[in-house]
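Before any comments, here is the structure.
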Amino acid sequence: MPRELAVGLLGVGHIGTVHLQTASTLEGVTVAAAADAVEGNRERAKRLGVRRTYDDYADLLASESLDAVVVALPPFLHADAAVAAAEAGCDVFVEKPFARTPEEGRRMLDAADAAGVSVGVDHTIRYQPEMRRLKELLDEGRLGHVPIASISRINNGPFDAPPADRRCRPGSSIPRRPAVGR
């Protein structure tokens, strides 16, 4: 049996919590540790099943044996955190915006190349089956000229989709989840 993929979460604010909840539903994935400077965010991570938390991502990276890291910190910390994670040998998944400048982005990619790890950026909607199908239809010319499009998305609230491990079936109601922090 293959071993679990050990993931570290850098930042457990709103979007970090969404990543934590999503990763927790994935078979073969363990959120091994989380780091956040805010004590309440670390406490929430523990309530959601993370065993070890740190107040500094550098301490997490120095202490944990991880396969991958999710960077869900404020954008001004993305470059330093992604470089540190790459240097620790972790594949890196960065929340958007990826970087604030082309130079920061290049530094992140260069660090990943030097370490032989992968880097990804979160464009969640882009990977949803519905969006992929729309892109196929657009590429095939079946949608015609689309000068502008708009999408609204709500997550981690009372109107969000069911967790990844529970899909709604036609005619069923959407399961309700308590809001985070309640």
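This is a predicted model, so every value here is computed, not measured. Position 1 is the first residue of the sequence; numbering continues from there.
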Discussion item. Using side-chain heavy atoms (C-beta onward) and a distance below 4.5 Å, is Val121 in contact with Val119?
Written reply: no
Worksheet item: Checking side chain to side chain contact (heavy atoms under 4.5 Å, CB included) against Val69, which of Leu9, Leu10, Val117 comes through?
Response: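 That would be Leu10; it is the only one of Leu9, Leu10, Val117 passing the side chain to side chain contact (heavy atoms under 4.5 Å, CB included) with Val69.
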Fill in: salt bridge (charged side-chain N to carboxylate O under 4.0 Å, His left out) contacts in which one or both residues fall within residues 17-35, not counting sequence neighbours
none
Closest heavy-atom pair and its distance - [X], [Y]:
X      : Y     : result
Gly105 : Ala99 : N-CB, 3.4 Å
Arg52  : Ala32 : NH2-O, 3.4 Å
Val71  : Ala81 : CG1-CB, 4.1 Å
Val31  : Ala23 : CG2-CB, 3.7 Å
Ala45  : Leu20 : CA-CD2, 4.0 Å
His19  : Ala72 : CD2-CB, 4.3 Å

Quick one: do [X] and [Y] end up in the same hydrophobic cluster if we chain Ile, Leu, Val, Met, Phe, Trp and Tyr together by side-chain heavy atoms under 4.5 Å apart?
X     : Y     : result
Val50 : Val7  : yes
Leu77 : Leu60 : yes
Leu26 : Val12 : yes

Fill in: Arg142 atom CZ, neighbour heavy-atom count above 12 within 6.0 Å
no
Roughly how far apart are [X] [atom1] and [Y] [atom2], rounded to 0.5 Å?
X      : Y      : atom1 : atom2 : result
Asp113 : Asp110 : CG    : CG    : 6.5 Å
Tyr54  : Glu64  : OH    : CD    : 3.5 Å
Asp122 : Phe93  : CG    : CZ    : 4.0 Å
Thr53  : Glu39  : OG1   : CD    : 9.0 Å
Glu136 : Met131 : CD    : CE    : 12.5 Å
Leu137 : Leu143 : CG    : CG    : 5.0 Å

Discussion item. Before you tell me yes or no, could you show the steps for Thr30 and Arg3 under side-chain contact (heavy atoms from CB on, under 4.5 Å), namely the whole-Å CA-CA distance, both residues' side-chain angles and the distance that decides it to 0.1 Å?
Written reply: CA-CA 10 Å; Thr30 298; Arg3 72 174 182 82; over 6 Å; no
Check whether any side-chain N or O of [X] sits under 3.5 Å from a backbone N or O of [Y] as a donor-acceptor pair, and report yes or no.
X     : Y     : answer
Arg44 : Thr17 : no
Asp55 : Ala37 : no
Asp36 : Asn41 : no
Thr25 : Thr22 : yes

Item to complete: Name all pairs fulfilling the side-chain hydrogen bond (donor to acceptor under 3.5 Å, both in side chains) condition that reach into residues 76-86, sequence neighbours left out, sorted by first residue then second.
Response: Asp80-Arg107
Worksheet item: After noting the C-alpha distance and the side-chain angles of Val70 and Val92, does the key distance pass the side-chain contact (heavy atoms from CB on, under 4.5 Å) rule?
Response: CA-CA 6 Å; Val70 175; Val92 186; over 6 Å; no
